[in-house]
Structure formats: C-alpha cells, structure tokens
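Below you'll find the structure, written out as structure tokens, and then a few comments.
Bear in mind that the values here come from a model prediction, so they are computed numbers and not experimental data.
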Amino acid sequence: MGLQVYNTLTKSKEAFIPLEPGKIKFYVCGVTVYDYCHIGHARSAIVFDVIYRYLLHLGYETTYVRNFTDIDDKILRRAREEGADFREIARRYIQAFYEDMDALGVLRPTLEPLATENIPCMIEIIKILVDKGIAYQSGTDVYFEVEKFEGYGKLSGRQLEDMVAGARVEVDVNKKNPLDFVLWKGSKPDEPAWDSPWGPGRPGWHIECSAMGSHFLGSTFDIHGGGKDLIFPHHENEIAQSEAAFGVPFVRYWLHNGFVNINNEKMSKSLGNFFTIRDVLQHINAEALRLFVISKHYRSPVDFSDEAVAEAEKGLDRLYGTVAAVKERTSPPGDTPIADKALMEQDKELFEEAESLPRAFNEAMDNDFNTAQAIGYLFNLQRHLQRFMDRFGQKKLKGPAAALAVKACDALTGHARVLGLLCREPDVYMDEQRRLKIKSTGLTEEDVLRSIEERHKARLEKNFAEADRVRRELEAKGIQLEDTPQGTRWRVSI
RNA sequence: GGCGGCAUACCCAAGUGGUAAGGGAGCGGUCUGCAAAACCGUUAUUCAGCGGUUCGAAUCCGCUUGCCGCCUCCA
C-alpha cells in the first residue's frame, strides 16, 4: 500500500509520492523565540520528530528544515520590556529551545535557518510580487493583495467573502482589503531595520517560511507541517505568496497536528493555561511525555494532565522492565548463528510475533502515522516476550532460548526507537526515574540505601519482622522495594 | 454569522463495510519468607441517540443531542 498521509489541502488521505523518488523535502514551522516553549510546542516537536524518524526508517533521504522566527513584534516588545537588544532575547530563547528539545529527545533537523539570516530571499520574493502587481506599497509597508490570488482560502476551506463578512477582521486604513497581509513592515526610528527597495524595515511573519522553504527546499517541496492553528492565516498566506510569485504549487502535502488541551480547552498563552516544557520535566519523565503524546493520533486533540502522563509512564516502565530482563538474563550472542527452526521450536508464537512486527508496525505507520496502533503492537510483543522469559523462572537463558529472547527484544527496541522510545539503556532510564521522583518523597538516595542495607542484615538473620518493618516504613514514604536475585532494587511509587 | 472536528468499557485509546487492538485502573490467580514487579484469567452481545443503505455498519448517508477548534498573535 505504501505511506498514506492526510493532506489538509485536499482534506483526504492520499498516497504519499515524493517529487523526487527516494528523497523528501520537509519543512516544519519553528517557534518564535520570545519565551519558553510550552507543552503545545512539545507536542508539535514530538509529532514531527516521529514523522521525520519514520521517513528515515523508510529509507528516504530526507531534508528536514525547521526555522526560527527571530525577528517579530513579540520579540521586540520583550526586548523593550527588558531594555535588551532583540538579538539577545532571540539568542536566549533559541538556547532554551535547544535545551527543551534535547530533553525531549527530539532529533535536530537537517537545517535550522534564522529569519534574520535570510532576509535577502524574502526581499526577492516581495519584489517579484510587487513587479507582478500582486503586492502594493502603502505608506512604509508592503501588502499582499489577497484578491489578486485566485486560490486564496483553498487550504483553510473558506471563501474570501465569508471572511470579509466575519466580524473579527481588523480594519486597517492602509489595506485595500482587510485580509491583505503585510509582507514588509517599515520600521519606526528605534526599531531594528534592514534596507529594502521600500525603505528600512523588517519582513512580515508569513514571508519568512515562503522564503526559507523555497530557498532550501525548492519552489515546490513535499511536506509542510505545523500546528492546526497555523492553517489560517499563516499557511494560507504562505501558499498565496509562494504560488503567486513562482507560479508553481508550493507544497504537495500539508500536515497539521492537533492541540494540547487542559481540561478539554486549548492550551494557549492568551488563556494562561499553559505549562512550559522545562517546568513539566521537573517532575515528569520526558520519554513518558513522548509516549503519552504519541499514544493518540497526531491530528486529534489530546488532554494533558499529570495523571494521564503517569498512566503512560507505567506502560513505559513495563517496556523497559522487559528489555532489562532480557539484558540481564541473556549473554551476548555467540558467533555461531542459531537457525530459525531452533528459535521457532522454543516458542512459535513469540518467534512469529517478532518476525511479523516490522510489517505490522509499518502498516500502522503507513496509515497516516498511526502511532497508537504501532504502540499496541509493541506492547503485544513485550507481553509475549516477558511471558517467554517468565517460563524460565529467574534462570538465565541459554542457546536458542536466549537467541529468541534477544531477537524479540531487538525487534521491540528497534521499532520503539523509530518512535523515539526505548532509546536508552534500561538501567539508565530507571536510575533517571529514581532521581526524578525521589524529590517528592523527602528522602535522599543515601537514606534509602541505608534502609535497604539495614533490612538486608535483618533478612540474613531471618528477622523478617524487622525486614518487613523497614519495607513498610519505606513504602509509607513512597519507596517500593523489589527483591531480586541480583539484590534489592527500589523505585519511587508515588 | 461562516467553516471544520469529535462522541468507542471505570479512565486513556486504535479501529474508516465482515463481526470490538493496546495501555491504565479494578477483581481473582500463579510466583514470593512477606511484598513488589511480571505473567495468567476477568471487566463493551456493544461503539451518544434516532432513522436509512447493505447479506452484513462503530465504520457509509440523513437528522438530533452534547463537547471542542478556526475565522485575531498562537504548535
């Protein structure tokens, strides 16, 4: 069947066929760097990160561009408030953005251009539009005249007349039509400015993506992504500018992710109901957040709460637990490969489950990136694998049994990683979890280890009453002990 | 006012015409000195409601109800 994607432009699922076989040109709208990113930005970043990873997994040579809007009214306002240079504000929040993205395990795109470094391309496009008579200068600004572009409204599915009739369009004396949008904005004396044929100024917001997209990916490219809220007016305007200027289709497939909600309402700056990524990661594991985000289809809204993420986290613990069990109880595979037949004789069902995962996984992902279904398959394999391991009690696995467990585990982690999950060693993950959560118990790692040692001594003396007292004492504080052949482990259970 | 989306078990969530994936929680069991984890079993004759199309519908069509989003900066 091949990859099918839902295209906002056609409002239907379509077979994905890249312009150039084997290669994909992929653009996602980045952030305006004037503040810390919130969970909504995290969702968008994670969703497109998974899409990027999957395209790479399919073997496409993918050029992924994500811009930074580093000149904009909000940045200037922030700079004014702080008495800082706008470049300083941008630099600070770009830095913060990278910290957040790295924490979330989001891969770096191929290119991350800055708006301020690509102003000549923007001026070029505006010039073309002015020369064609599609853009006009009014005062110190240059506007795009929406009525000169026939297809205006095709992405967002609205008619010009309907929008003009809408009550919320601001009237501006400089504009011929209230929906005309600014391409070039003349600067006030104290504002940063770039020279242009229309006088000193700065670019409008929409023009930067048109310019950087076409500059780095070509005048037509394959995929353009962003949040649903960018459909109108941002992406609608991008299409208008680019297609009016270049006379070719701008983007073949438009992908838009749904919002993050809080109590069933959109998370947004204006509503004030947002959480920043860095705040949330103080008490939530980044990988659990990722699993939470991608356990729902990317186009649907998702309701964020600590409880909901905690549920995802339990599942993630289980996946890592099985990976840990396989690592501990199998030796690295020997040089002599073991025949499939011998593996199958160990556990036909597990063997088949591991063998069929690649196909099932790809089928799910090919269906407009159905991560929820793909994750379902991962859990199925985990359960079969753990069941197989449990058959051996606490013993180490040898020969074909070990080989089968390793095979299944490799299939599990290999596919999880396409989703950006199970990317770390299980003990690193579990250690991270302990460190993250112990803060809420009021104890330190040393406290816990001391108690465990105490209990260990009691157990050696068969003083189980004392051992259980220590266990209950720790449990009351949220520390759960687990006795294993390798010793006593602990984790924070609240 | 215009445009669009959603409604599946206690909660989250796949499913897009062939007889309800998966996760969390609960209950029962196995294992364990006791636990925990894990595993096994169990929890929707039914998919907001009402009609229709069909041999067959959660899936298609119509209507009704409820919730949400966009039309303004916004992932």
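One can find a donor-acceptor pair under 3.5 Å joining the base of B:rA35 and the side-chain atoms of A:Arg471. The base of B:rG33 is paired with the side chain of A:Arg459 by a donor and an acceptor separated by under 3.5 Å. A donor-acceptor contact under 3.5 Å links the side chain of A:Arg455 to the base of B:rG33. Scanning atom types as modelled, no donor and acceptor separated by under 3.5 angstrom connect the side chain of A:Asp229 and the base of B:rG69. One N or O donor and one acceptor, one from the side chain of A:Lys266 and one from the base of B:rC74, sit under 3.5 Å apart. Side-chain to base pairing of A:Asp483 with B:rC34: one donor and one acceptor N or O lie within less than 3.5 Å of each other.
Nucleic acid contact class of A:Phe379 (heavy atoms, under 4.0 Å, all strands): sugar-phosphate only. Among the protein residues, A:Glu307 comes within range of no part of the nucleic acid, since none of its heavy atoms lies under 4.0 Å from any strand. Nucleic acid contact class of A:Met389 (heavy atoms, under 4.0 Å, all strands): none. Among the heavy atoms of the strands, none lies under 4.0 Å from A:Arg472. Here A:Lys74 lies in heavy-atom contact (under 4.0 Å) with sugar-phosphate atoms only. Among the heavy atoms of the strands, none lies under 4.0 Å from A:His256. No contact: A:Glu313 has no heavy atom under 4.0 Å from any strand.
Pair check for B:rC6 finds B:rG66; Watson-Crick or G-U wobble, both atom distances under 3.5 Å. Taking a pair to require two hydrogen-bonding distances under 3.5 Å in either a Watson-Crick or a G-U wobble arrangement, B:rA37 remains unpaired. Across every strand in view, B:rG1 sits in a pair with B:rC71 that passes the Watson-Crick or G-U test at under 3.5 angstrom.
B:rG66 and B:rU16 have their C1' atoms separated by 23 Å, with the value rounded to a whole Å. Atom name C1', nucleotides B:rC70 and B:rU46: the rounded distance is 34 Å, in whole Å. Nucleotides B:rG62 and B:rU53 are separated by 11 Å at their C1' atoms, to the nearest Å. The same atom, C1', is picked in B:rG18 and in B:rA57; the two are 10 Å apart, to the nearest Å. Nucleotides B:rU64 and B:rG24 place their C1' atoms 34 Å apart, quoted to the nearest Å. The same atom, C1', is picked in B:rU59 and in B:rA21; the two are 15 Å apart, to the nearest Å. Rounded to whole Å, the separation between the P atoms of B:rA7 and B:rC40 comes to 30 Å. Separating the P atom of B:rG1 from that of B:rA20 is a span of 42 Å, rounded to the nearest Å.
Comparing A:Tyr6 and A:Leu271 by the nucleotide of RNA chain B whose heavy atom lies nearest to each, the residue mapping closer to the 5' end is A:Tyr6. Along RNA chain B, the nucleotide nearest to A:Arg387 and the one nearest to A:Glu311 differ in position, and the one closer to the 5' end is contacted by A:Glu311.
Checking each of A:Arg435, A:Lys437, A:Arg491, A:Arg450 against A:Glu445 for a salt bridge (charged side-chain N to carboxylate O under 4.0 Å, His left out) leaves exactly one that passes, namely A:Arg435. Between A:His235 and the choices A:Trp254, A:Phe250, A:Trp205, the ring pair (Phe, Tyr, Trp, His ring centres under 6.0 Å) rule is met once, by A:Trp254.
A ring-centre distance under 6.0 Å is not found for A:Phe275 and A:His38. Between A:Tyr93 and A:Tyr34, the gap from one ring centroid to the other reaches at least 6.0 Å. Here A:Tyr429 and A:Tyr320 bring their ring centres to under 6.0 angstrom of each other. Outside the 6.0 Å centre-distance limit, the rings of A:Phe97 and A:Tyr36 are not counted as a close aromatic pair.
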